[in-house]
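As a basis for the values below, the full set of heavy atoms in this structure was taken, side chains included, without hydrogen atoms, waters or symmetry mates. So that the names make sense, note that chain A is the first sequence line, chain B the second, and so on, each numbered from 1.
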Amino acid sequence: MFNQRVKIKQLLSGTDAKSAVGSEVVVMGWVRTFRNNQFIALNDGSTNNNVQIVASLGEFNEAILKRITTGASIKATGVVVESLGKGQTVEVKATKIEILGDSDAEKYPLQPKKHSLEFLREKAHLRFRTNTFGSVFRIRHSLAFAVHQFFNDRGFLYLHTPIITSSDAEGAGEMFRVTTLPLEGAAKNEAGEIDFTQDFFGKSTNLTVSGQLEGELGAMAFSDIYTFGPTFRAENSNTTRHLAEFWMIEPEVAFNDLEDNMNLAEDFIKHLIDYVMKHNQDDLAFLDSRLAEEEKQLPTEKRSGLGLVEKLKFVLENGFERITYTEAIDILLNSNHYKKKKFTYDVKWGIDLQSEHERYLVEQHFKKPVIVTGYPAAIKAFYMRMNDGCEAGKETVAAMDILAPGIGEIVGGSQREERLDKLEARMNEMHIPLEEMSYYLDTRRFGSVPHAGFGLGFERMVQFVTGMTNIRDVIAFARTPKNCEY
RNA sequence: UCCUCCUUAGCUCAGUUGGUUAGAGCAUCUGACUGUUAAUCAGAGGGUCGUCUGUUCAAGUCAGACAGGGGGAGCCA
């Protein structure tokens, strides 16, 4: 057996470290730096912290030492000793060092210094080896685990909704077509259009933009379900908050109303933060200090004031602000910001809230996450439940968006329209073909119940917890317009 | 898709009102030193200044087009 190593995280962890002193260990990993021709900072990705391997002078031949370069992989055998130097409590005094894989120092792109995120983005296959991305992706892993833990503990069923779908009724965005038809010379029908009956599925198909509709079907049998999978949008969005391929979590719960839905979403987000704060302290501490350093470069008025860990703690300890859309509009209209005409987009009842409006509410007015409910029906999707007793022309739906500082919309959800007649009327109004959605309407025909759900953009959550400002830096290999490397 | 900024050594960046041989730190190589923490010291190599076109006696510097990237907006998660 080759692998009898101890993971660096375990080797360095408080109680284990002391008790290991005097014992022989094998560690394997990649060289971060080699200082003074004696001290190897070795990392294996289990933690942000490096273990220091000491190659005492004169005990190793030059040929081996020359090959200990940044990026090289080594296997070191040695004895755990209390460190003579500062900066670490224990270190490994090497008795044997084997080079597993050389790394030409002249060609290896990563250096023991700060690189720009833009540069590292172009070296996406190597950036995992940096402190920043190491921490980001360990936290991403923890968040994914915490998602399943949260729902599993609450008796939710993890429903795998399809990635290829034929439904295009939700209108959540532009879709990627899935086809095996040839690009040129595809069969045409009598009308001169491409004949999709000749296609693999016998109809036009796309990559999913949301698992919600299928999720609702599951909730109508299992009561509580969630999905967690990749989602695709072919929108030409070039921003720090959008990806063409991203991961989304969509719980759907029978018998929940909008308030239950909000409570679930708030508990969920807090659970995710809590889990990471308990399990990724080193990573958060590193990202915290990284952000603090970055903030120092900013002019005072642009600084956020709260450190990353402070921010997460604050969110954990305080309730999310809950306001209606109508209240939000009033707050905006009464703000000095509005009176001084500082908004680019006008504010009046009926508009969709613009980024600048959301940012004002979250970052200036409330300074905490805000849940906005009761949006105008005209700007929301067909499946959202119509609120009763609305003034004519001011119909609202039981929608809710959670807005987070620095990210904007992190959750979008609603109580669904469970009344068949109302749902059909709404679909007709919005020109959604009832026949194609017959399977969906069946849930309202046979034992319909009030139910609600929401979607949380996983990458946006990772952004929020890590403080990374560009969404391309929280997914391993980002897919964005004109960019599908690796 | 729109607005805006950027592109100079492997990396991060400087480069004056257009002017002769384009600079620094880190990295690399050579040597010295040796309990270092992005080690230090001395020296060396390394650039068709994003691409193309134009203005000019002369372009890294001015203008235009294109490409790539950043930030913002829209669409949304």
A/T240 side-chain proximity, nearest of B/rG72, B/rC75, B/rG35: B/rG72
Options B/rU36, B/rC11, B/rG74, nucleotide nearest the side-chain atoms of A/H242: B/rG74
Nearest to side-chain heavy atoms of A/Q111, which nucleotide of B/rG70, B/rG10, B/rA73: B/rG10
Candidates B/rG69, B/rG74, B/rU37 - which lies nearest the side chain of A/K86: B/rU37
Ring centers of A/F477, A/H125 separated by less than 6.0 Å: no
Per A/R472 side chain, nearest of listed nucleotides B/rG70, B/rG35, B/rA73: B/rG70
base_contact_polar (B/rC11 base, A/H115 side chain, donor-acceptor, <3.5 Å): no
Between B/rG72 (C1') and A/R359 (CZ): distance, integer Å: 9 Å
Whole-angstrom distance between B/rC3 and B/rC62, as gauged at atom C1': 24 Å
Length of the line joining A/E118:CD and B/rC5:P, which is rounded to integer Å: 18 Å
Which nucleotide in B/rG70, B/rU1, B/rC75 has an atom nearest any side-chain atom of A/R241: B/rC75
Selection from B/rC76, B/rC75, B/rG35 that lies nearest to any side-chain heavy atom of A/Q52: B/rG35
Check: A/Y360 ring centre within less than 6.0 Å of A/F343 ring centre: yes
